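None of the values given here were measured: they were computed from a predicted structure. Hydrogens, waters and symmetry mates are skipped; everything else that's a heavy atom, side chains included, is used. Order of the sequence lines sets the chain letters (A, B, ...), proteins ahead of strands, with each chain counted from 1.
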Amino acid sequence: MIIQDQMTVIAQSRIAENIFEMQLAGKLVGDITSPGQFVHIRTADSFEPLLRRPISIASVDKEAGQMTIIYRAEGRGTTILSEKRDGDVVDVLGPLGNGFPLEETESGETAILIGGGIGVPPLYELSKQLTAKGVKCIHVLGFQSSDVVFYEDEFKALGDTHIVTVDGSQGTKGFVTTVLAELGDNFSTYYSCGPMPMLDAVQRLYVGKKGFLSFEQRMGCGIGACFACVCQTTEGTTKPYVKVCSDGPVFPAGMVAI
Amino acid sequence: MIIQDQMTVIAQSRIAENIFEMQLAGKLVGDITSPGQFVHIRTADSFEPLLRRPISIASVDKEAGQMTIIYRAEGRGTTILSEKRDGDVVDVLGPLGNGFPLEETESGETAILIGGGIGVPPLYELSKQLTAKGVKCIHVLGFQSSDVVFYEDEFKALGDTHIVTVDGSQGTKGFVTTVLAELGDNFSTYYSCGPMPMLDAVQRLYVGKKGFLSFEQRMGCGIGACFACVCQTTEGTTKPYVKVCSDGPVFPAGMVAI
Amino acid sequence: MNRLAVELPGLQLKNPIMPASGCFGFGKEYGNLYDLSVLGAIMIKATTLEMRLGNPTPRVAETASGMLNAIGLQNPGLQGVLEEELPWLKQFDVPIIANVAGTETEDYVEVAKAVSAAPNVKALELNISCPNVKCGGITFGTDPEIAKELTKAVKAVSQVPVYVKLSPNVTDITAIAKAVEAGGADGITMINTLVGMRLDQKTGRPIIANGTGGLSGPAVKPVAIRMVYEVSKVVNIPIIGMGGISETADVIDFLSAGASAVAVGTANFVNPFICPTIIEELPAKLDELGIKHISELIGRSHRL
Amino acid sequence: MNRLAVELPGLQLKNPIMPASGCFGFGKEYGNLYDLSVLGAIMIKATTLEMRLGNPTPRVAETASGMLNAIGLQNPGLQGVLEEELPWLKQFDVPIIANVAGTETEDYVEVAKAVSAAPNVKALELNISCPNVKCGGITFGTDPEIAKELTKAVKAVSQVPVYVKLSPNVTDITAIAKAVEAGGADGITMINTLVGMRLDQKTGRPIIANGTGGLSGPAVKPVAIRMVYEVSKVVNIPIIGMGGISETADVIDFLSAGASAVAVGTANFVNPFICPTIIEELPAKLDELGIKHISELIGRSHRL
Ligand SMILES: Cc1cc2nc3c(=O)[nH]c(=O)nc-3n(C[C@H](O)[C@H](O)[C@H](O)COP(=O)(O)OP(=O)(O)OC[C@H]3O[C@@H](n4cnc5c(N)ncnc54)[C@H](O)[C@@H]3O)c2cc1C
Ligand SMILES: Cc1cc2nc3c(=O)[nH]c(=O)nc-3n(C[C@H](O)[C@H](O)[C@H](O)COP(=O)(O)OP(=O)(O)OC[C@H]3O[C@@H](n4cnc5c(N)ncnc54)[C@H](O)[C@@H]3O)c2cc1C
Ligand SMILES: Cc1cc2nc3c(=O)[nH]c(=O)nc-3n(C[C@H](O)[C@H](O)[C@H](O)COP(=O)(O)O)c2cc1C
Ligand SMILES: Cc1cc2nc3c(=O)[nH]c(=O)nc-3n(C[C@H](O)[C@H](O)[C@H](O)COP(=O)(O)O)c2cc1C
Ligand code: FES
Ligand code: FES
């Protein structure tokens, strides 16, 4: 169920250049059903900034009733969020959307998780859950440069992890596809989240493979009512369009017209 | 000189129902020249609320580089101000306007200081300075009810202090004029700050006496440029109008058309 | 006595609070969050004759205390609304106001005729003010004569009272209001969005794919209040006011300005529970103002 | 090369930043805070033939990300401006744009003639858009034909280029813009304020004594950007853009939309040092955008 929760900031820290990790506690955590879901955050009790900000859930600790989000403080809303202190209360709407399907990869099979920049966070919870289920996860994580790389160790603890940077300051120089091309297609499923050009490139590389992509769109309501976040679908799909917020953000590869 | 200072909150406390006392430190304090001047405060680093809030300087400690303001948290801006914590930085423009003239009362003479509600604060610094100069100060302070009375002890330490409340829950029941009528006019100067109807009543009571009144108007710039805070003057005054922010807020009794 | 009940042509409102068209879809999503029967009414998303896919994305952009949108009237079309959306809404005890949009008089008339026959549609809202579609929409809303003729044509076929939704993007909104009143409108809803634009800092190009979008939210409230005030002085039909309503205090303002009921748009995105919250808070607000029945507030700004 | 210099009819601007009329008085108060010679130009408060005392107070009210004002063109009148204000401003190396207001064509013409002869007045800004005075002002700004005739009449007597200040409270601002261009305007300044209203919560009455006021500040920026964008597509004279500019990024937006220079109004009240701050920050902003000269930004939104 979607609830509007007044969550408490348990911890916040800067984990890379302009990248923040925030832990939040509240009953909303109990309703999270799958990795890749997101929350819609009101960053200030003011009319400016007005709209909520969609941020993926990066990891969940149901027992502690806590979740972690990782975000880049860039514009007004996320900058304000980055100034919250422990004990502050944040208005969070969620959990929203449909996450990555775990059931599409069987125990013993291999999955490739491909993330770009601030698309990396939801893959962490995904990898935790896939690994727990017995899936072998390979992570290919692309960033602009070494300053903004985060969670390398966390992903390494779960499986092979390849860091790629555009400027070559860490890991392989280039794009995620540079590494993917070398890894070959000896895997059963791929899961990806990142900027549109990256999703497009990944999808083209893996034509015919089973994959799931998480999309971004500017949002109004976040729950499917305002038609702000609509994407056209490709021919042959039953629906003429999908809403990223409520039908997605994760869709099977090939479904959304990029 | 008027400066825009990023002042630090040294302390803040609630001293009556919705009434807050805030101590601020910064170099602006060095420029304060007379009691009754005010500052123009930006309460949030946001466009909403947009405008600065004019608040009187209630007391000054030049050696410590600190000043105190006392305000009622009522609307959006003052409520945000009341949520500031020690160490927070507040954008303050000031000191603004012309305060109460100390030189109009000689050492040994008596002055009556008449305040109403949130008009009381600037009278405190005024009383401190008049008393220091050897003027005998009598304070008549009107409030709505006992919940919102503040600084009774502080004023008592400086001179006779009469508290008046509309509902009679503390001190004399009625309006400041109730007490003033009893005190008679055996004094040389009166100084007053409070709501317009109070200033009007005081002025009428003391026709012919030397007095100074501090006015309020909604403000834009606070420095005399926008013509928001203009008051018409009475006949016989050389200027056809005055600006509360830069010509005032204190004017000789009889000058401003009420 | 229900202190919040308001009666308008075709509409017995339990309370004067309803979600604004386009900000509530056809109710399903908010219906997952709370019982829609608490609402005074629901203004559903614009319905056009054929299904529309709307404009390319991005369709929204944030501005200071406001937002721009250029959804482009995406909706399932008349048949979809009649067969799926309206029947689903029947489970709630709430009158539906159907927002009707089109490109020419003919399609407005056809949609109005069909949708006004649906049992739970208690009034139409004629959208002559959508700034986000190429033809139709706003052009009907900027010329008094054209607005009047369209109102007449729709009145002739509608089985329920017709409210006309006015555009704020005009020199003199009172002229349009008087024209639609003369055309037979039973009420006015106002305001639709102000046309605005936001540019991308890096490229300098508009953020919204459509170029311009409609500005809504708290930023426009002063304009909306002024227009409701002006229009309520010159017409004798009721007004449903909207534009930036975000909290209970805003409702008081719109009623004081001359509206008989209000709609809440953008604020639903900020706080999905805003409509029920306002409805809950209203009685205490009336107490605070020393007012027995909400209707005493209507047009208070004009009296003195 | 001065990366910020912009040349407009009558105006050699060191940089494209100037305070907007009515938000800077005649410069004295801000002159106490910083050296006015750093400014690109100064738009002084509206000057009318006779001294005006303006409207009753309250004259301002805050709104979400904006403010309403109804000052009512209070000013010392033509003689006062010629004898005191303009001579005082001569000490600064900064061109003055004199904002001219009136009630009828005759007084506009008389003020324009006299004030344009002052040595430091390099251009006039014809205020046909003030919403806060009973007659004149805005009526000249809402009818293209009247606007054109007034422009012609003022052009005939002015010794310096004439910029016409447009009102946003119109159905089609491009029609007014084309009309004043046809009337001989050398440039356009836009936008003046949107007419709005705020009510007192307790009484329900308007807060501003005048009833309505002009809305300015960040709230109106999307409307201003849209209008500058539209007008710059249809006229061949330069635009000085304004409406909600509060930070350096906003300047980039207005130039991208099609303005050649900008004016800063309300933001002076929020941060009295905003003009010099923006001027200081601009070069770094140009670097960030990879741009050599500020003029490269002008009209960027129209190019693909
Ligand atoms: C489903 C989903 C999940 C996301 N998860 C994450 C995450 O885990 N970590 C993270 O750092 N970012 C994430 N993003 C992107 C994040 O929403 C934007 O970076 C953020 O909204 C920008 O807000 P701002 O205040 O920094 O920028 P501003 O420039 O102030 O934003 C202005 C407006 O544009 C919208 N906007 C700007 N960029 C984007 C964008 N890329 N996507 C959607 N809306 C945008 C904002 O929401 C806001 O309404 C996600 C986006 C979506 C749609
Ligand atoms: C010279 C001067 C000195 C003042 N000194 C004090 C003081 O020491 N302590 C104190 O509590 N108050 C003082 N006030 C009043 C104080 O400025 C207002 O109470 C305050 O601005 C209200 O802001 P808000 O955010 O609570 O209300 P909001 O309702 O959010 O205010 C909306 C707008 O109206 C303006 N406004 C509302 N009420 C007033 C008012 N009474 N006077 C001027 N502007 C108003 C605000 O500044 C703001 O622009 C003083 C006013 C003036 C002019
Ligand atoms: C995302 C969005 C979609 C809208 N769609 C419609 C619509 O389909 N029909 C219509 O008449 N108005 C539409 N509107 C306008 C609103 O109904 C309302 O008139 C306007 O937004 C002002 O109210 P607000 O400030 O409370 O949002 C839409 C507004 C928004 C923000
Ligand atoms: C207090 C105030 C007074 C104004 N007076 C005038 C005026 O005398 N003449 C004029 O042409 N515009 C006047 N304006 C309009 C501004 O010049 C400007 O066009 C408008 O405020 C939009 O810019 P902003 O949002 O940056 O304030 C005034 C605006 C304000 C806020
Ligand atoms: S954000 Fe409103 S439908 Fe997706
Ligand atoms: S507040 Fe601007 S002149 Fe006084």
Item checked: Donor-acceptor contact present, side-chain C/T171 to main-chain D/T171, <3.5 Å -> yes
Note to self: Using 0.5 Å steps for rounding, measure from the OG1 atom of D/T142 to the CG atom of C/D172.
What the structure shows: 9.0 Å
Checklist line | Partner chain D: residue of C/A224, C/G204, C/A219, C/G244 with the largest heavy-atom pair count (under 4.5 Å) | finding: C/G204
Note to self: To the nearest 0.5 Å, what is the distance between CG on C/D200 and CD1 on D/I252?
What the structure shows: 12.5 Å
Item checked: Interchain contact, D/T203 with chain C, by part (heavy-atom threshold 4.5 Å) -> backbone
Notebook entry, point to check: Under the criterion side-chain contact (heavy atoms from CB on, under 4.5 Å), which of C/T212, C/L194, C/L68 is the partner of D/R226?
Noted result: C/T212
Check: Where do C/V223 and D/V195 land on the side-chain contact (heavy atoms from CB on, under 4.5 Å) test, with the steps shown first?
Finding: CA-CA 6 Å; C/V223 175; D/V195 183; over 6 Å; no
Notebook entry, point to check: Rounded to the nearest 0.5 Å, how far apart are CE of C/M197 and CD of D/E230?
Noted result: 7.5 Å
Checklist line | Contact leader toward chain D among C/P206, C/G196, C/G211, where contacts are heavy-atom pairs under 4.5 Å | finding: C/G196
Next item on the list: May I ask you to name which of C/A249, C/P218, C/G299 has the most heavy-atom pairs under 4.5 Å with chain D?
Entry: C/A249
Margin query: I need the residue from D/G217, D/S246, D/G290, D/P222 with the largest number of non-hydrogen atom pairs under 4.5 Å to chain C.
Written below: D/P222
Next item on the list: Check whether C/A257 gets within reach of chain D through its side chain, its backbone, both or neither, counting any heavy atom under 4.5 Å.
Entry: both
Margin query: With rounding to the nearest 0.5 angstrom, report the OG to CZ distance, D/S256 to C/R205.
Written below: 10.5 Å
Check: Side chain of C/Q201, backbone of D/D253: donor and acceptor closer than 3.5 Å?
Finding: no
Note to self: Would you compute the distance between atom CG of C/D250 and atom CG of D/L199 and round it to the nearest 0.5 angstrom?
What the structure shows: 10.5 Å
Next item on the list: Could you look at C/L215 and say if it's the side chain, the backbone, both or neither that has a heavy atom under 4.5 Å from chain D?
Entry: side chain
Check: Do other residues, nucleotides or ligands put more than 12 heavy atoms under 6.0 Å from the CD atom of D/E280?
Finding: no
